[in-house]
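What's counted below: heavy atoms across the whole structure, side chains too, no hydrogens, waters or symmetry copies. First the proteins, then the strands, lettered A, B, ... as listed; each starts at 1.
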Number of protein chains: 2
Amino acid sequence: MTTTGTTTRKQREIEAREQLILDIAARMLLERGYLGMTMDLVADATEYSKGTIYNHFSSKEELLAGLVAHTGMMRQEMFRRAAAFSGRPRERMTAIGAAIDLFVALHPEHFRAEQIVMADSIRHKVSPERQHAFVAAEQGCMEIVGGIVTDALRAGDLTLPDEVAPPALIFGLWTMSYGGHSIIEGKPTLAEMGIPDPHGALRRNQQAVMDGFGWAPLTHEWDYENTRAWVLQEVFPDEARDAGFI
Amino acid sequence: MTTTGTTTRKQREIEAREQLILDIAARMLLERGYLGMTMDLVADATEYSKGTIYNHFSSKEELLAGLVAHTGMMRQEMFRRAAAFSGRPRERMTAIGAAIDLFVALHPEHFRAEQIVMADSIRHKVSPERQHAFVAAEQGCMEIVGGIVTDALRAGDLTLPDEVAPPALIFGLWTMSYGGHSIIEGKPTLAEMGIPDPHGALRRNQQAVMDGFGWAPLTHEWDYENTRAWVLQEVFPDEARDAGFI
DNA sequence: CGCCATTATTGACGCAACGTCAGACACTGC
DNA sequence: GCAGTGTCTGACGTTGCGTCAATAATGGCG
């Protein structure tokens with residue numbers, strides 16, 4: 001038998017199968033919810049037996065955690081590309097916002113899986129290694145965004161009061177983004193409540209947070225919707241097309 | 001047999017039992033999570049049989065929805081009292097923030113139950129009546145907050161740009177609050193990420209949103225932490241004591 | 001090529017939890 | 001006391017998670 005590099009044919013087969021399981025589980029989670037995603041159905045859909053599925057993921061919780069870790073890494077990669085956008089720090093933060101919107105559109109199962117996995121009762125069944133995988137992705141995103149804030153402080157575009165540390169500002173944008181996408185996903189009646197374009201409202205509110213901390217240039221001095229359009233076109237052309245954003 | 005008013009002894013017994021079931025289910029949901037809250041255990045803990053539990057709630061999902069409806073009504077009541085605080089509109093909005101913090105501290109199971117119930121796969125198993133119960137509570141809260149924004153606009157404390165409707169501003173505060181409490185609950189490692197006081201950071205960020213829309217008086221012109229302390233003491237003395245806030 | 005050791009795969013099985021329902025039970029009016 | 005009405009019960013059918021003994025595939029070696 002020949003091997004290519006350091007991986008045998010068998011190892012590559014196993015890796016491909018793991019990807020297949022994740023893809024099918026993701027679709028099933030979206031279409032049928034957590035309870036509707038049964039290990040038997042996953043086994044059937046992949047055309048492997050239950051035992052084989054359990055060789056990859058030792059429990060249903062591990063499989064979910066695998067989903068979160070996988071999409072979490074993709075998110076970090078999208079953050080990295082967004083942060084590399086050349087422009088003023090607040091434009092780069094706007095690019096991060098665009099990246100999140102795209103990410104949510106392309107991987108709508110991520111937040112749902114994350115919410116389930118984060119519940120204590122589920123999380124303590126997940127192996128430390130896999131937990132570390134998605135915690136690291138989260139930390140990575142925080143650090144990327146933290147770098148943008150640092151650049152803004154250095155450039156003099158932003159001056160935070162003493163009682164507000166940079167991570168606290170990031171926390172504000174994070175909470176709004178997280179809550180916004182959770183609510184948009186969970187409440188189909190926002191339009192009846194007077195919010196016909198929740199995604200637009202979310203963007204406008206995130207700009208308001210930055211305005212509130214005096215992060216230059218302010219909303220009325222700069223067209224950040226234009227920056228966003230530019231980011232979608234230049235940084236994420238493929239993703240924006242796939243998500244139907246352009 | 002004698003009856004008091006329009007309710008028989010039996011009816012009152014049933015009502016008290018429903019309350020008992022809800023209390024025990026809430027505690028169990030908190031301590032053991034959604035999967036750990038089994039109908040058999042609820043039956044055991046209440047010292048009734050499973051059949052009797054199912055006379056009150058026709059499924060586990062209905063029981064969960066019952067929890068959400070129950071605490072949702074309590075939340076609406078707390079919003080009502082907070083909005084009645086006498087002060088400038090932005091102070092009253094700050095009072096709403098304090099009410100939410102107290103509510104989350106006193107009923108930590110609410111958001112968790114709500115997230116579970118809101119997943120499509122669960123929600124479509126819940127009876128329309130009970131769904132209406134908690135949608136109505138949500139709408140009620142929105143209307144109360146909407147009234148405060150309207151007052152602010154009338155008083156001239158707030159002027160929104162054309163593209164931002166009042167519900168869109170409320171949406172911003174809502175998403176931040178929802179996401180904030182979800183994240184605080186779900187991520188035990190915020191301190192390691194540089195956010196040692198997430199509740200404080202959340203409050204500061206919500207004030208930033210209002211600052212961002214120019215809602216007078218701005219943060220640097222008014223001590224809203226002081227307003228909050230006053231609200232806790234005057235409007236919610238009992239709740240603040242129970243939650244350990246004062 | 002044929003043989004055996006090792007590894008991978010399978011699906012029937014044990015167990016736990018949801019929801020049901022036939023029968024036991026309690027209460028009321030006569 | 002007794003019939004009738006409404007309430008309560010827990011054993012049972014079903015489904016889904018996770019296991020493991022049996023089976024199949026793989027690969028090294030004479």
Side-chain angles (χ1 to χ4, degrees), chain A residues 1-4 7-18 20-21 24-25 28-29 31-67 116-117 119 121-127 130, chain B residues 1-4 7-18 20-21 24-25 28-29 31-67 116-117 119 121-127 130:
Chain A
M1 152 176 267
T2 64
T3 64
T4 305
T7 62
T8 64
R9 176 173 61 79
K10 196 74 207 167
Q11 280 177 304
R12 272 175 281 125
E13 264 180 39
I14 290 176
E15 221 167 298
R17 190 168 55 199
E18 186 142 327
L20 173 70
I21 296 171
I24 286 186
M28 209 172 277
L29 181 66
E31 288 171 2
R32 316 172 65 103
Y34 174 63
L35 296 178
M37 177 187 112
T38 73
M39 297 302 268
D40 291 77
L41 275 177
V42 169
D44 279 359
T46 55
E47 298 192 323
Y48 288 96
S49 75
K50 211 147 52 119
T52 298
I53 306 295
Y54 274 89
N55 278 349
H56 288 266
F57 302 97
S58 63
S59 71
K60 189 174 175 177
E61 287 79 19
E62 281 278 316
L63 175 50
L64 263 183
L67 284 176
I116 297 169
V117 162
S121 52
I122 305 280
R123 192 172 42 200
H124 84 263
K125 293 185 190 171
V126 174
S127 71
R130 223 178 276 272
Chain B
M1 154 177 267
T2 64
T3 64
T4 304
T7 63
T8 64
R9 176 172 62 79
K10 195 77 207 169
Q11 280 176 303
R12 272 175 281 126
E13 265 179 38
I14 290 175
E15 222 167 296
R17 190 167 56 199
E18 185 142 330
L20 173 69
I21 296 171
I24 286 186
M28 208 171 279
L29 180 67
E31 288 171 2
R32 315 171 67 103
Y34 174 64
L35 296 177
M37 177 188 112
T38 73
M39 297 303 268
D40 290 76
L41 274 177
V42 170
D44 280 358
T46 55
E47 299 193 324
Y48 289 95
S49 75
K50 211 146 52 117
T52 299
I53 305 296
Y54 274 90
N55 278 349
H56 288 267
F57 302 96
S58 63
S59 72
K60 188 174 176 177
E61 288 78 20
E62 281 278 316
L63 174 51
L64 220 60
L67 284 176
I116 298 168
V117 162
S121 52
I122 304 279
R123 194 172 42 200
H124 85 263
K125 293 185 190 172
V126 175
S127 70
R130 224 177 275 273

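Atom CD1 in A/Ile14 sits about 11 Å away from atom C1' in C/dT9, given to the nearest Å.
Note on B/Thr52: a base of the nucleic acid sits closer than 4.0 angstrom, heavy atoms only.
Of the residues in residues 39-47 of chain B, none lies under 4.0 Å from DNA chain D by heavy-atom distance.
The nucleotide whose nearest atom lies closest to any side-chain atom of A/Glu61 is, among D/dG18, C/dA17, D/dC8, D/dG18. Of the candidates C/dG19, C/dT10, D/dT9, D/dT9 carries the atom nearest the B/Tyr48 side chain, counting heavy atoms from C-beta on.
The side-chain contact (heavy atoms from CB on, under 4.5 Å) test applied to B/Ser127 returns B/Glu62, B/Glu129, B/Arg130, not counting sequence neighbours. Taking the salt bridge (Lys or Arg N to Asp or Glu O under 4.0 Å) definition, one finds that B/Arg17 meets it with nothing, sequence neighbours left out. With sequence neighbours left out, the salt bridge (Lys or Arg N to Asp or Glu O under 4.0 Å) criterion links A/Arg32 to no other residue. For A/Thr46, the side-chain contact (heavy atoms from CB on, under 4.5 Å) partners are A/Leu20, A/Ile21, A/Ile24, A/Val42, A/Tyr48, A/Ile53, not counting sequence neighbours. Applying the side-chain hydrogen bond (donor to acceptor under 3.5 Å, both in side chains) rule to A/Glu31 yields no partners; only residues at least two apart in sequence or on another chain are considered. Shown here are the side-chain hydrogen bond (donor to acceptor under 3.5 Å, both in side chains) partners of B/Ser59, two or more places apart in sequence or in another chain: B/Glu61.
Separation of atoms CG (A/Leu63) and CE (A/Met39) is listed at 5.0 Å; rounding is to 0.5 Å.
Taking only side-chain nitrogens and oxygens, B/Arg17 comes nearer than 4.0 Å to OP1 or OP2 of D/dC8. OP1 and OP2 of C/dG11 both lie 4.0 Å or more from every side-chain N or O belonging to A/Ser49.
Applying the salt bridge (Lys or Arg N to Asp or Glu O under 4.0 Å) test to pairs two or more places apart or on separate chains, those with a residue in residues 44-60 of chain B are B/Asp40-B/Lys50.
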Could you list the protein-to-nucleotides 20-26 of chain C atom pairs, N/O on both sides, closer than 3.5 Å?
none

